[in-house]
Amino acid sequence: MAQDSRSNPSFVLKAIQQVAIEDIPIPEITDPYDVIVHIGQTGICGSDIHYWQRGRIGDFILNSPIVLGHESAGRIVSVGKAVKSLKAGDMVAIEPGVPCRHCNYCRSGSYNLCPDTVFAATPPHNGTLSRFYKTSADFCYRLPDHLNLEDGALCEPVACAVQICRVGLVRGGQNVVVFGCGPIGLLVQSVAKAFGARYVLGVDINKGRLEMAKSVMKSADDVFEPPQAPAGLSQDEEMEFHAKVAALIKEEFNLGDGPDVVIDATGAQSCLQIGVQLCKKGGMYVQAGMGKENAVFPIMTACIRDLTIRGSIRYVAGVYPTAIDLVASGKVQPQKLVTHRFPFEKAEEAFETVKKGGEGVMKVLIEGVHN
């Protein structure tokens, strides 16, 4: 398929809080395992908003313009001469991070920790909000025929949820509490149920999101809106208050000594403190949400209770195929999260919608540039 005469409009983050649609060079195949994808759908992630508004996440700092977007699916336009698994016209979900494959992290199977990963829309690498995007064939997954490109784009947050549940060793018969009923929290709840969790409790301060968990996604068996700490508490008083909230959750939902697994998908210090106090002795606490760089953490409680504390980032081998299988089977239904759809020309409006948030905003999708 001839491309040379075509433009490649892209949604570019030029500087902090400064975006524009610009034409960038059309990517060319330079490696025999490259593929070129015509992007069809892209979801907006919280990390996209962080880079747009603050220009950094941890050690990843915006020093030059990048194309935003990493939750994408599209159609293969062309393939390198060594690619056997895909052909032009195939619909694919794109795993947005391509590791080096050679370092000790990659060779041990933890390629999510590879320091040389080329991850879409993580500085200095361009993201997927372009007409055409180049990546490696082995990080594109052909979609089952009954799925569409929206489903394909939504496989990325599902993959994040699969990774979080794998990190937490979620398995049959367990009680799991998930803090946060936003898109990732809801998907974590759904994946936990698909992995066989006996009971899932969703926690949030937003009534609309609790309703999503209980009635729309049906991802949680029960939901809980925690009381907020009174203003003006000292650090010790705040910790004591959150310990009481944890005790309240155990009592109200018959969780005994606490759930087997606690997952925080918010990053809020209050949730972290409640979650550690809530988790059973010898249990698993997973930090998935990103909040402030530093937080007051009940380390003594974690030590005395012999908790396993894990962080979760991106995905490892086998996670993306699992995510696609869960979506294809209907066991996880991310389409229920979609509240807004925008054409590519209104990408900035889409980002503004996510930034403003509110009761009616969950998952926002941007349609790709038409042929």
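Any value given below was found using the heavy atoms of this structure, including those in side chains, with hydrogens, waters and symmetry copies removed.
How far CZ of Phe132 is from OG of Ser10: 10.5 Å, rounded to the nearest 0.5 Å. The CD atom of Glu238 sits 6.5 Å away from the CG atom of Leu233 when rounded to the nearest 0.5 Å. From Ile324, atom CD1 reaches atom CG of Asp151 across 10.5 Å, with rounding to the nearest 0.5 Å. To the nearest 0.5 angstrom, Arg314 atom CZ is 10.5 Å from Glu95 atom CD. Remark: Phe119 CZ to His125 NE2 distance equals 10.5 Å, nearest 0.5 Å. To the nearest 0.5 Å, the span separating CZ on Phe179 from CD1 on Ile263 amounts to 11.0 Å.
A donor-acceptor pair under 3.5 Å is absent between the side-chain atoms of Arg305 and the main chain of Gly282, judged by distance alone.
With hydrogens and angles left out, the side-chain atoms of Tyr133 and Asn126 include no donor and acceptor closer than 3.5 Å. Using modelled atom types and a 3.5 Å distance limit, the side chains of Ser234 and Asp236 yield no donor-acceptor pair. Side-chain contact of Lys218 with Ser190: a donor-acceptor pair under 3.5 Å is absent, judged by distance alone.
Other residues, nucleotides and ligands contribute over 12 non-hydrogen atoms within 6.0 Å of the NZ atom of Lys250. More than 12 heavy-atom neighbours from other residues, nucleotides or ligands sit within 6.0 angstrom of CZ on Phe241. By the neighbour-count criterion of 12 heavy atoms within 6.0 Å, atom CD of Gln17 is densely surrounded, having more than that number from other residues, nucleotides or ligands. Surrounding NE2 of His370 are at most 12 heavy atoms belonging to other residues, nucleotides or ligands under 6.0 Å away. Within 6.0 Å of the CG atom in Leu248, the count of heavy atoms belonging to other residues, nucleotides or ligands exceeds 12. Residue-environment remark: NZ (Lys214) exceeds the threshold of 12 foreign heavy atoms within 6.0 Å.
The nearest pair of heavy atoms linking Cys103 to Pro115 is SG-CD, 4.2 Å. The minimum heavy-atom distance linking Asp260 with Asn175 is given by the pair OD2-N, 2.8 Å. What you find for Ala323 and Val158 is that their closest heavy atoms are CB-CG1, 3.7 Å. In terms of heavy-atom proximity, Leu147 sits nearest to Met91 at O-CE, 3.2 Å. Taking each heavy atom of Cys160 and Ile184 in turn, the nearest pair found is CB-CD1, 4.1 Å.
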(request) Could you go through the side chain to side chain donor-acceptor pair (under 3.5 Å) check for Glu71 and Gln41 one step at a time? (result) CA-CA 8 Å; Glu71 298 181 2; Gln41 293 286 343; over 6 Å; no
(message) Please determine whether side-chain contact (heavy atoms from CB on, under 4.5 Å) holds for the pair Trp52 and Glu352, giving the CA-CA distance in whole Å, both sets of side-chain angles, and the decisive distance to 0.1 Å.
(response) CA-CA 10 Å; Trp52 173 41; Glu352 289 284 357; 3.7 Å; yes
(message) Between Phe139 and Tyr33, does the ring-ring contact (aromatic ring centres under 6.0 Å, His included) criterion hold? Intermediate values first, please.
(response) CA-CA 10 Å; Phe139 284 80; Tyr33 290 97; over 10 Å; no
(request) Decide side-chain contact (heavy atoms from CB on, under 4.5 Å) for Ile29 and Ile36; before the verdict, give the C-alpha distance in whole Å, the side-chain angles of both, and the deciding distance to 0.1 Å. (result) CA-CA 7 Å; Ile29 289 176; Ile36 307 294; 3.8 Å; yes
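Taking the six-membered ring for Trp and thresholds of 30 and 60 degrees, Phe351 and Phe11 have ring planes inclined between 30 and 60 degrees apart. Note on ring orientation: taking the six-membered ring where Trp is involved, the planes of Phe253 and Phe224 are perpendicular (angle over 60°, cut-offs 30° and 60°).
Salt-bridge annotation for Arg209 and Glu359: absent, with no side-chain N of the basic residue lying under 4.0 Å from a carboxylate O of the acidic one. One finds a salt bridge joining Arg341 and Glu150 here, because a Lys/Arg side-chain nitrogen approaches an Asp/Glu carboxylate oxygen to under 4.0 Å. Looking at Asp257 and Lys280, no side-chain N of the basic residue comes within less than 4.0 Å of a carboxylate O on the acidic one, giving no salt bridge. A salt bridge links Asp145 with Arg142; the closest basic N to acidic carboxylate O contact falls under 4.0 Å. Look at Arg101 and Asp138 and you find a salt bridge, because one of the NZ, NE, NH1 or NH2 atoms lies within 4.0 Å of a carboxylate O, short of that distance. One finds no salt bridge joining Asp306 and Lys281 here, because no Lys/Arg side-chain nitrogen approaches an Asp/Glu carboxylate oxygen to under 4.0 Å.
Asn112 meets the side-chain hydrogen bond (donor to acceptor under 3.5 Å, both in side chains) test with no other residue; sequence neighbours excluded.
When each of Val203, Thr266, Asp204 is tested with Cys181 by the rule side-chain contact (heavy atoms from CB on, under 4.5 Å), just one qualifies, namely Asp204.
Here side chain to side chain donor-acceptor pair (under 3.5 Å) pairs that include residues 154-171, with residues two or more places apart or in two chains, are Glu156-Tyr315, Arg166-Thr322.
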